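Remember, it's a predicted structure, so these values are computed and weren't measured experimentally. In what follows, chains carry the letters A, B, and so on, assigned in the order in which the sequence lines appear, proteins first and then strands, with residues in each chain numbered from 1.
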Amino acid sequence: MNFGMMRHTSRAASAWAVPLIWSVVGVAVHGLADDRSEMAWTIEQVVTSVKESREPSVSFEEATYSSLLTKPLITRGVLRFTPPSRLEKDVREPYRERYVIEGDFVTIESERRNMTKTISLDEYPGLRWFVDTFRAVLDGDVARLTREYETALEGTRRRWVLRVRPRSQAGGVPVDFIELSGSEGRINVMTVRTADGDRSVMTLLPGPGP
Amino acid sequence: MSARRLVPAFWLAFMLYGIWYGAEKLSVRNDLSDLLPEGATETQRILLSQVRKGLSGRLILLAVEGASPAELAGLSRSLAESLRTDERIGMVANGTEVRSKKELALLSEFRYLLSPTVTEDTFSESSLRAALEQRLHDLRSPLGAVIKESIPTDPTGETWNLLRSWSMGEGPSTYGGVWMSPDRARALLLVEARGSGFDVDEQESLHRAIRASFGEAVKKIGSAAQLRMSGPSVFAVEAQRSIEAEAWRLTAVASGLVVSLLFVSYRSLVLVLLTLIPISTGIVAGVIAVNHWFGFVHGITLGFGVILLGVVDDYPIHLFSHLTGRESPSSTVQAIWPTMRLGMLTTVIGFSSLLLSGYQALAQLGLLAIVGLITGALATRWVVPACIGTGFVPIEIRTPVQGWLDRLSKGLVPAAVVLILAVAVLVWSDTPMWEQDVGRLSPLPEEKKQLDQQLRKELGAPDVRDLLVIEEATIEDLLEKAEAVTERLEGLRAHGLVKGYDIVSRYVPSRRTQLARQRALPDRPTLERNLKAALEGLPFTPGLFEPFVEAVEAARRDEPIGPEVFAGTMLGIKLESLLFPQGGRWMAVAPLNGVGDRTSLAGHVEQWGDESVRYLDLKEESNRIMTAYRDRTAQLLGWGMAAIAVVLAVGLRSAVLVVRVLTPVLCALLVVAAVLRGLGEPLSLFHVATFLLVVGLGLDYALFLNRPECTGEERLRTSFGLLVCSGTTMLVFGVLAFSKTPALHAIGLTAASGSLCCLAFSAVTARREGHAV
């Protein structure tokens, strides 16, 4: 339990510290060069450049930190995105499970539970939020993102952090915030933090993976 | 001379009392379930008590439409929120809160007694290990957040297993967290009223409150969305209000026509006003009598009763037609009184059969008609003459009138032809003799029924038609029997005879089953040992599952629970509809859905050879109830006719005259039945009840036409009076025949054609001049 809390604190610290240092350094180094685009690094630019350089699939490694656990659980697999809105999470290890999100529905194929079923995203507001954010960023749809969510962008072009929170907490969303961090048009890490402090940290690696 | 003043004064006092009574004592009730029959068989009584009190009658289906899905979802939330504060509403479901916190807490507390997946093996080392590994996987899943909280107390997932075993098929589709039709055109809500769904007044005020809440929600966000409501209570309100509105509107139209006809016939406004005396007396007295006897007057009785009492108008018409100006009105009335009295008595006998029908609606109607007829006749005998001056002559009756009736009286051959045709129609018509489908008596437009079907489909709240009914002496016996029936139903489901079912033991197992589950729970040392071994090498925080061990330990000491534990929750409401006391015993109802072959299903249930389990087809059964009451009424009508014949024989003291009087009435009934059948209208309870009225009218006509009269002028006056009587009757009921309400239409058509036929046949069979006794 303590371990989890510690991890969380250190992680949050680095999430804030790194962009801060970078921005200070950035301003110092590039100040004279008057790099305007660096100064005015906006959410529109993040989203546009993510859209430009997105790949059809990336492999991921997801670590789940929970107060119930003594160490994080690691899950590996591949994420696929087909514009404008099809998203697929293909879990390969330690078991095989596939989530295909199309429109407002999620189809779950689970080997361990020996089932295939389709649920509505509406039944899982937390999941809907995650999916919305991810889709909006990948598809360059800033308007949708800022309409329903509160967004805060920090850092520079080379190292940015985008934090997303819903505008209203209706429907008992158990998620506190989602944080995307990346560099230029690449998302490196996607963190989902729940209200009770548990987190899942998904590191994205280029290429389709195993 | 004193009587001339005393009688109207007395009458006036009575009417004033009536007005006071109407304002102070009269209780008009509009609960449609009051109109339901008692039920002849045990099965029917169960069915009827279900209809009266059952859950399905109390459900209101709401649809919000005409806006964007997001707007609809918002409206659904705010409407549900405001409705949940209404005392009269037991439950509002719109998809946001499927189970309340209290309910989930109860489920979780008693999960080891309730869950069907609890066995000894659940707590073995290997099962625990498998369960714990699954929970680790759950934590990684994107849906893990939902389940995380319950892991320390319930690592084997019993609460979830329990909820899964309870969910019957797929729920309604959702959008934005609330129920919405698959095409997202409508947000759907389900409201359960606490009071009877058939108490029209109470339901109407509830519906108004729902509409007002919706109006506010819409106003707040400036939406153009609309609310539509459906369900038995909505139907009940609409049916009753439309019947009432039509009854009053058509009565008003008919009254206008009758007044015009009377004025044209007698050319005297005073006289038209005087005809109102007997009818208003009749209505007041009838209503007071019904209110005294039954404790209330049903709104429907009042509407129909006033229409039926329209025939009281015939009495003053007879009187006016016989006024000559040569003798005083009281001697005129004395002259026609024996005939009038006999006609009134026979009509009363006809209506008294309604009193015995055992159907409260008809009994009230019968009493109202009887008292109304008697007092109406008495008012004609005593009050009206006292109000008329001696020399009062309404109008000189002209001869063409006599011409019509004379021509009619020579129409023996055409009458025979009509009778033969009628018999032919009755024998060869394709129209079924009796109306078998109660639903067709409903005044609701087809479009409303379709909306209801649509909403039910989208909500997954099907209209229940098929039931299994289980009856036992105690709740425990009943639950054990229900568990046995569940196994059999599973067999039927495997064979595809039923698609699904709901049964009380699914939610509350019998004590026996709960005790068996309790015995399967391990003691603390065993569980701790198994858990420790199962946790070996898994990354769970040490001591995490202490709440689980405590919960199992507590469950070992729990007393088995009964359905009463869930009182005040949504599940509690459901249980009340699935299990209830009935006449000192307990009864469970298992609604079946997706029944394909009803005969085969009935056969299977029969084969179980268990008398305490019965299969019930609600539609079939309610049709059977209506049929039983119609047959009973028809039977009573037969006995009534016999009694009428006896009274006539006593009153007329002549077998020939009895035949002369009865023949046209019977012929008229035959022709009316043929007309209805020829028009493609199967006979319903309402037709049969109206036959009584036709009998009364016909006897009246025949009696007057067969009066021993001396002069031709007398005959002329009688004929004229009968023409006016029959004319008013045909006007009143002819107007009703155009009603869209099946009951009013049936009454109107039957009585109007009956009046015409009675007059015609009476004229044909009336004694000719010179035959006078």
Contacting region of Ile108(A) [heavy-atom separation from chain B under 4.5 Å]
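Contact with chain B is through the side chain of Ile108(A) alone.
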Under 4.5 Å from a heavy atom of chain B, the part of Thr75(A) involved
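Contact with chain B: backbone and side chain both.
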Counting neighbours of [atom1] on [X] that are heavy atoms of other residues, nucleotides or ligands and sit closer than 6.0 Å, is the number greater than 12?
X: Glu216(B); atom1: CD; answer: no
X: Glu546(B); atom1: CD; answer: yes
X: Glu81(B); atom1: CD; answer: no

Is there a side-chain contact (heavy atoms from CB on, under 4.5 Å) between Lys148(B) and Thr194(A) once you walk through the steps?
CA-CA 11 Å; Lys148(B) 186 169 71 187; Thr194(A) 55; 3.6 Å; yes
Taking only residues two or more places apart in sequence, or in another chain, which ones meet Glu65(B) in a salt bridge (Lys or Arg N to Asp or Glu O under 4.0 Å)?
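Checked Glu65(B) against salt bridge (Lys or Arg N to Asp or Glu O under 4.0 Å); matches are Arg186(B), Arg228(B).
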Residues two or more places apart in sequence or in another chain: which of them pass salt bridge (Lys or Arg N to Asp or Glu O under 4.0 Å) with Arg529(B)?
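In terms of salt bridge (Lys or Arg N to Asp or Glu O under 4.0 Å), with neighbours along the sequence ignored, Arg529(B) is linked to no residue.
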To the nearest 0.5 Å, tell me how far [X] [atom1] sits from [Y] [atom2].
X: Thr64(A); Y: Arg140(B); atom1: OG1; atom2: CZ; answer: 7.0 Å
X: Leu68(A); Y: Arg135(B); atom1: CG; atom2: CZ; answer: 12.0 Å
X: Glu133(B); Y: Tyr95(A); atom1: CD; atom2: OH; answer: 12.5 Å

Less than 4.5 Å to any heavy atom of chain A: does that hold for the side chain of Ile151(B), its backbone, both, or neither?
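Only the side chain of Ile151(B) comes within 4.5 Å of chain A.
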Could you check if a side-chain atom of Leu544(B) sits within less than 4.5 angstrom of a side-chain atom of Leu69(A), using non-hydrogen atoms only?
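They are not in side-chain contact.
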Can a donor-acceptor pair be found, under 3.5 Å and without considering hydrogens, that links the side chain of Thr70(A) to the backbone of Thr541(B)?
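Checking the backbone N and O of Thr541(B) against the side chain of Thr70(A), no donor-acceptor pair under 3.5 Å is found.
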